[in-house]
Amino acid sequence: MPLALLALAVGAFGIGTTEFVMMGLLPDVADDLNISIPTAGHLVSAYALGVVIGAPLLAAATTRMSRRSVLIALMALFVLGNALSAVAPGEISLLAARFVSGLPHGAFFGVGAVVATGMVAPERKARSVSLMFLGLTVANIVGVPAATAMGQALGWRATFLGVSAIGVAAIAALAVLIPRENAPAPAAGLRGELAALRSLPVWLALGTTVAGFGALFAAYSYITPMLTDAAGFADASVTLLLALFGVGATAGNLLGGRLADHSLRGTLFGGLAALVVVLALFPVLMRTPVTAAVSVALLGMAAFVTGSPLQLMVMEKATAAPSLASSANQAAFNLANAGGAWIGGLALAAGFGVTSPALAGAGLAVLGLGVAGAAWAVDRRAAVTATARERVVAAYVPEGVERVRG
């Protein structure tokens, strides 16, 4: 694997840290700005909104730039957003800064995935994507706890200055480690990139992402009350347990990348099926502290086994113009975050019990399997049609197959 993947992982580490650290800093931010915690929660939504809007918009706006330059520019915008967060004087300015911080998120992962796969042999594409995503999962183990501790000790503004420093390090790594020839400008241009989004297989792949990761966030958004109210953990233990989720996600991400290089579709189906089983068993597993801790790690593993296969599948369905579709997949991840949390909240509000969001998530994972199955059926029908057409040409045109292929 090329060393340039390290530069992408560093950028992913910074992005993962700034995305999730706000959850741990909400009480500090609320106290400092004299606002309520629910109001401070809008800062999380502002970042997610920036991701959803920025992913396709920035990918489309930079189609004539080399992908190496795009990655550096996106990371510079990331540094700017976090620096503005550190000096924001009030709630409105901090909301705007968090929105700016989220803008480069989706496009960075989308364009980065295209660059990562372009630097390796075809049989290592999924693994290269998983290594870039490694920065995101490791951020949940190391970056978020360290940044939260920094914010609690030195003030929340120090956290965002520290994240800005990670962004500067990522810019330096991208400039030094990514060769210019491995990240040229897309050949298709904006028109070609937009044309790729008219493909039904691309939209089915994006739908699988929304349903599959919506299943994760339906449960994960309410994991704290499950651990405290159902499993009996003390509030102080939750941070360590969430680190277990990060460990499981890291292991699942690496495993999914390796398996997907052998069978992309098989890994996707297997990961979604495993997610259905884990979420369906949550009401049972949450009855004891030991099984609850295991279930948190299994949730991260089952969900992130599908991460690199989903990203690669979207890119393969938009082969001629993968940058915009790949970035749109990152917007789909964040739609899954918001939609899954909303559906899990509906189950909780309906009085079905503290573990009911996990069962709602299991239903979403089943939906994801259905969408993935529909995508498989569409691919099969297209393959059969192409084979039939080739046979007709071969039968009625001398050496027709060779001429068509030539």
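In what follows, every heavy atom counts, from backbone to side chain, and hydrogens, waters and symmetry copies are set aside. Note that this is a predicted model, so its numbers are computed, not measured.
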- Task: Say whether, by atom type as modelled, one donor and one acceptor occur between the side chain of N334 and the main chain of V52 under 3.5 angstrom.
- Result: no
- Message: Measuring only between side-chain heavy atoms, which start at C-beta, is T17 closer than 4.5 Å to N140?
- Response: no
- Item | Euclidean distance, F160 CZ relative to M22 CE, rounded to 0.5 Å | 3.5 Å
- Task: May I ask you to test the F99-L103 pair for a side-chain heavy-atom distance under 4.5 Å?
- Result: yes
- Do the non-hydrogen side-chain atoms of L95 and H42 ever get within less than 4.5 Å of each other? yes
- Ring centres of F78 and F108 under 6.0 Å apart? no
- Side chains of L254 and R258: does their closest heavy-atom pair fall under 4.5 Å? no
- Message: With side chain to side chain contact (heavy atoms under 4.5 Å, CB included) as the criterion, how do L3 and L6 come out once you've worked through the C-alpha distance, each side chain's angles and the decisive distance to 0.1 Å?
- Response: CA-CA 6 Å; L3 191 60; L6 176 62; 4.2 Å; yes
- Task: Give the minimum heavy-atom separation between A107 and A59, together with the two atoms involved.
- Result: CB-N, 4.3 Å
- Give the C-alpha distance, both sets of side-chain angles, the deciding distance and a yes or no for side chain to side chain contact (heavy atoms under 4.5 Å, CB included) between L5 and M119. CA-CA 9 Å; L5 293 177; M119 293 189 292; 4.0 Å; yes
Which side-chain N or O atoms in residues 352-365 pair as donor and acceptor under 3.5 Å with protein atoms at least two apart or in another chain?
{"unit_1": "S356", "atom_1": "OG", "unit_2": "A347", "atom_2": "O", "d": "3.4"}
{"unit_1": "S356", "atom_1": "OG", "unit_2": "G353", "atom_2": "O", "d": "2.6"}

- H105 versus L58: any side-chain heavy-atom pair under 4.5 Å? no
- Task: Kindly compute the distance separating CG (L80) from CE (M75), expressed to the nearest 0.5 Å.
- Result: 13.0 Å
- Note on the structure: Sequence neighbours excluded, the answer for side chain to side chain contact (heavy atoms under 4.5 Å, CB included) partners of A175 is R68, I72
- Quick one: CE on M286 to CE on M226, what's the gap to the nearest 0.5 Å? 6.0 Å
- Would you call V138 and F13 a side-chain contact if the rule is heavy atoms closer than 4.5 Å? yes
- May I ask you to decide if F233's main-chain N or O and S237's side chain share a donor-acceptor pair within less than 3.5 Å? no
- Taking the six-membered ring for Trp, are the ring centroids of F304 and F213 within less than 6.0 Å of each other? yes
- If you round to the nearest 0.5 Å, how far is CD of E316 from CG of L312? 4.5 Å
- Identify the heavy atoms of V144 and G16 that sit nearest to each other, and give their distance. CG2-O, 4.1 Å
- Query: Around R157, counting heavy atoms of other residues, nucleotides and ligands shown, do more than 12 lie under 6.0 Å from its CZ?
  - Reply: yes
- Residue of the set N329, T117, T209 for which side-chain hydrogen bond (donor to acceptor under 3.5 Å, both in side chains) holds with Q311: N329
- Looking only at heavy atoms, what is the nearest atom pair of N82 and R98, with distance? OD1-NH1, 4.5 Å
- Task: Determine the minimum heavy-atom distance between L275 and A215, stating which atoms define it.
- Result: CD2-CB, 3.9 Å
- Where is the tightest heavy-atom contact between A169 and V10, given as atom of each residue plus distance? C-CG1, 4.5 Å
- Between F109 and F133, does the ring centroid distance fall short of 6.0 Å? yes
- Is there side-chain contact between T159 and L154, with at least one heavy-atom pair below 4.5 Å? no
- Message: Looking at I15, is its backbone amide N or carbonyl O close enough to the side chain of T18 to form a donor-acceptor pair, meaning the two atoms are under 3.5 Å apart?
- Response: no
- Decide yes or no for L8 and I178: does some side-chain heavy atom of the first lie under 4.5 Å from some side-chain heavy atom of the second? yes
Can I get a per-line list of side-chain donor-acceptor pairs under 3.5 Å for residues 291-302, giving both atom names and the distance, sequence neighbours left out?
{"unit_1": "T291", "atom_1": "OG1", "unit_2": "L285", "atom_2": "O", "d": "2.5"}
{"unit_1": "T291", "atom_1": "OG1", "unit_2": "T288", "atom_2": "O", "d": "3.2"}
{"unit_1": "T291", "atom_1": "OG1", "unit_2": "T288", "atom_2": "OG1", "d": "2.5"}
{"unit_1": "S295", "atom_1": "OG", "unit_2": "A292", "atom_2": "O", "d": "2.6"}

- Between CG of L272 and CG of L367, what distance do you get to the nearest 0.5 Å? 10.0 Å
- Stepwise, does the side chain to side chain donor-acceptor pair (under 3.5 Å) test hold for T250 with T137? CA-CA 5 Å; T250 299; T137 57; 3.1 Å; yes
- Message: Quick one: does any side-chain atom of T62 pair with a main-chain N or O of M65 as donor and acceptor, under 3.5 Å?
- Response: no
- Item | Donor-acceptor contact below 3.5 Å, side chain Y222 vs main chain G345 | yes
- Criterion side-chain contact (heavy atoms from CB on, under 4.5 Å) against T267, the qualifying member of V305, L310, D261, T306: V305
- Task: Please report the shortest heavy-atom distance between A55 and G106, naming the atom on each side.
- Result: CB-CA, 3.8 Å
- Message: Using 0.5 Å steps for rounding, measure from the CG atom of L74 to the OG atom of S327.
- Response: 8.0 Å
